[in-house]
Amino acid sequence: MADLSEQGDAPQFGVYVHWPFCLSKCPYCDFNSHVRRTAIDEARYVRAFAAEIASTAARVPDRTVSTIFFGGGTPSLMQPATVGAILDAIARHWSVTPDAEVTLEANPTSVEAARFRGYRSAGINRVSLGVQALDDRVLTELGRLHSAREAIDAVHIARSVFDRYSFDLIYARPQQTPQDWASELKQALAEAGEHLSLYQLTIEPETPFAALHALGKLKIPNDDSARALYDTTQEVCAAHGLPAYEISNHARPGAECRHNLVYWRAHEYAGIGPGAHGRLHIGRLDIEGDRHATATEKRPEAWLTRVESDGHGLVTDDMLTREEMADEFLLMGLRLAEGIDPTRYAALAGRSLDAARIAALRENGLVETTAAGHLRVSMPGFPVLDAVVADLAA
């Protein structure tokens, strides 16, 4: 796996903006996304986004924004002017670094791809495309509205407009073999510039796929087959110069998604928009305490009404305990190839990790210590990451 070495110590501040609308709901998706058959009043939403940005900035002033991420939903359904107005609101209330990474998730349909130059002009400098598969039959089964050809064309447009781009694929699909996946992955890598997100298909509760799975009408690979597909992913990507830097994300060294690193390194970020989550340090910045977990109203219209009434859509604003902060740090940080700094864990938790547990996991080949002194999960340990984290957190 890739090693990001001695990075990640300097505090970062990211802003996540959630656009909750999609043209259709994919059957595997449990994200906060909603389909509306009438036009969205984007001007009204812009005003609400600006209000929530202002109220958040009042709580955490004097921040310097290093990353901004428009997620969803389908943010590429927004007009470029809407994106620009939200970016302007962020810049009014916080400083934004000149080299800030500003990412927008996009669907690779021709209609949305045509907007890419408008997004670039608005301030977007990185796009992440939801390709998901390079096979038309599979795309139909996944409920996607684009074809494989449209996806590749959108990647080509992204490459011509943006210096940085990425796209997603889903693997461990029904009846998928390692040979099939290796072939598809090599095709994707031929189009990838610097970054790929590769997610194993999981059956999420209360989705159409969950209902089909419960009825026996949707069969996904068993654990052994899924492990073979995971191993294929690591081998093929590493051979093409895009090793994993996180359990589902691959990049050329230096091309990692900086916004997602804010999450995985347990830095501070604001969540703006319906159903957005945040982690904010309220009060003094020279201590690790007073870290709040925030979340906003999920339903778009209810969020809109709440923001217009109260200036924000918050429904959760909990101060985390030291143990909760340490557990989050462990859970998120061990997803990374760089691992975690045990001294930071001890500062958060008020106690060190159990040396005996680390020794047992190391003896079983599941964790290792880097030259920099970071504890990280080994390649054999990643398929059982949840169990490793649970053992260390106990």
Side-chain angles (χ1 to χ4, degrees), residues 1-2 26-31 129-144 146-148 151-152 166-192 195-251 331 334-337 361 364-368 376-391:
M1 297 185 74
C26 296
Y28 55 85
C29 177
D30 70 339
F31 293 167
L129 296 162
V131 170
Q132 312 310 5
L134 293 173
D135 179 291
D136 285 343
R137 178 187 59 80
V138 173
L139 286 168
T140 299
E141 291 172 354
L142 292 174
R144 305 300 288 171
H146 62 270
S147 66
I152 295 300
S166 177
F167 59 91
D168 302 353
L169 294 175
I170 295 173
Y171 70 97
R173 306 182 307 243
Q175 279 133 19
Q176 189 177 38
T177 67
Q179 294 76 21
D180 292 339
W181 175 226
S183 176
E184 185 175 4
L185 191 49
K186 288 172 184 175
Q187 183 185 355
L189 286 160
E191 302 292 346
H195 192 285
L196 278 177
S197 296
L198 305 169
Y199 300 108
Q200 185 169 321
L201 178 65
T202 55
I203 303 300
E204 302 295 344
E206 299 180 20
T207 62
F209 268 16
L212 290 172
H213 188 258
L215 292 170
K217 295 182 178 180
L218 178 70
K219 293 186 176 10
I220 60 173
N222 61 26
D223 289 347
D224 289 342
S225 297
R227 174 62 190 268
L229 289 161
Y230 173 82
D231 290 343
T232 297
T233 305
Q234 308 314 309
E235 292 162 10
V236 173
C237 287
H240 284 75
L242 270 74
Y245 69 96
E246 188 269 346
I247 192 166
S248 300
N249 286 271
H250 300 252
L331 178 66
L334 287 179
R335 295 175 63 93
L336 288 167
L361 290 167
N364 287 317
L366 300 177
V367 300
E368 57 197 19
R376 71 178 180 187
V377 177
S378 64
M379 283 296 295
F382 266 93
V384 290
L385 175 62
D386 290 347
V388 172
V389 171
D391 195 8

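Keep in mind that the numbers below use all heavy atoms, side chains included, and drop hydrogens, waters and symmetry copies.
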- Do you know the tightest heavy-atom contact between Ser147 and Leu139? C-CD1, 3.6 Å
- Which residues share a side-chain contact (heavy atoms from CB on, under 4.5 Å) with Gln187, sequence neighbours left out: Leu134
- Query: Which distance, rounded to the nearest 0.5 Å, do you find between the OH of Tyr199 and the OG1 of Thr233?
  - Reply: 13.0 Å
- Which atom names give the shortest non-hydrogen contact between Leu229 and Pro221, and what distance separates them? CD1-CG, 4.0 Å
- Item | Residues in salt bridge (Lys or Arg N to Asp or Glu O under 4.0 Å) contact with Asp136, at least two apart in sequence or another chain | none
- Task: Any chance you could measure Arg173, atom CZ, to Leu142, atom CG, to the nearest 0.5 Å?
- Result: 6.5 Å
- Task: Would you mind reporting whether Asp168 and Gln132 have side-chain heavy atoms less than 4.5 Å apart?
- Result: yes
- Rounded distance [0.5 Å steps], CG in Asp391 versus CG in Leu361: 4.5 Å
- salt bridge (Lys or Arg N to Asp or Glu O under 4.0 Å) filter on Arg144, not counting sequence neighbours, yields none
- Between Gly381 and Val388, the two heavy atoms sitting closest are O-CG2, 4.2 Å
- Minimum-distance pair of heavy atoms, taken over all atoms of Pro178 and Ala228: CG-CB, 4.0 Å
- For the student: nearest non-hydrogen atoms of Val138 and Ala133, plus distance: CG1-CB, 3.7 Å
- Answer yes or no: is there a side-chain heavy-atom contact under 4.5 Å between Lys219 and Gln175? no
- Query: Can you tell if the side chain of Glu184 reaches within under 4.5 Å of the side chain of Gln176, non-hydrogen atoms only?
  - Reply: yes
- Message: My understanding is that only residues two or more places apart in sequence, or in another chain, count here; which of them pass ring-ring contact (aromatic ring centres under 6.0 Å, His included) with Tyr171?
- Response: Trp181
- Message: Taking Ala151's backbone N and O only, do any of them form a donor-acceptor pair with His146's side chain (distance below 3.5 Å, no angle check)?
- Response: no
- Item | Tyr230 side, atom OH; Glu235 side, atom CD - distance, nearest 0.5 Å | 11.0 Å
- Query: Can you name the side chain to side chain donor-acceptor pair (under 3.5 Å) partners of Asp180, sequence neighbours left out?
  - Reply: Thr177
- Query: Rounded to the nearest 0.5 Å, how far does OG of Ser197 lie from CG of Leu129?
  - Reply: 10.5 Å
- Task: Evaluate the criterion salt bridge (Lys or Arg N to Asp or Glu O under 4.0 Å) for residue pair Asp223 and Arg227; output intermediate values, then yes/no.
- Result: CA-CA 6 Å; Asp223 289 347; Arg227 174 62 190 268; over 6 Å; no
- Task: Identify the two heavy atoms, one from Cys237 and one from Leu198, that lie closest to each other, and give their separation to 0.1 Å.
- Result: SG-CD1, 3.5 Å
- Item | Close side-chain approach of Phe382 and Leu366, heavy atoms under 4.5 Å | no
- Task: Give a yes or no on whether the backbone of Ala182 and the side-chain of Thr232 come within a donor-acceptor separation of less than 3.5 Å.
- Result: no
- Hey, is the main chain of Gly365 close enough, under 3.5 Å, to the side chain of Ser378 for a donor-acceptor pair? yes
- Task: Output yes when a side-chain donor or acceptor of Arg376 lies under 3.5 Å from a complementary backbone atom of Ala337, and no otherwise.
- Result: yes
- Message: Nearest 0.5 Å, please: how far is CG in Leu169 from CG in Leu201?
- Response: 12.5 Å
- Any luck finding a side-chain donor-acceptor pair between Gln200 and Thr202 under 3.5 Å? no
- List for me each residue that meets salt bridge (Lys or Arg N to Asp or Glu O under 4.0 Å) alongside Glu141, sequence neighbours excluded, and say none if there are none. Arg137
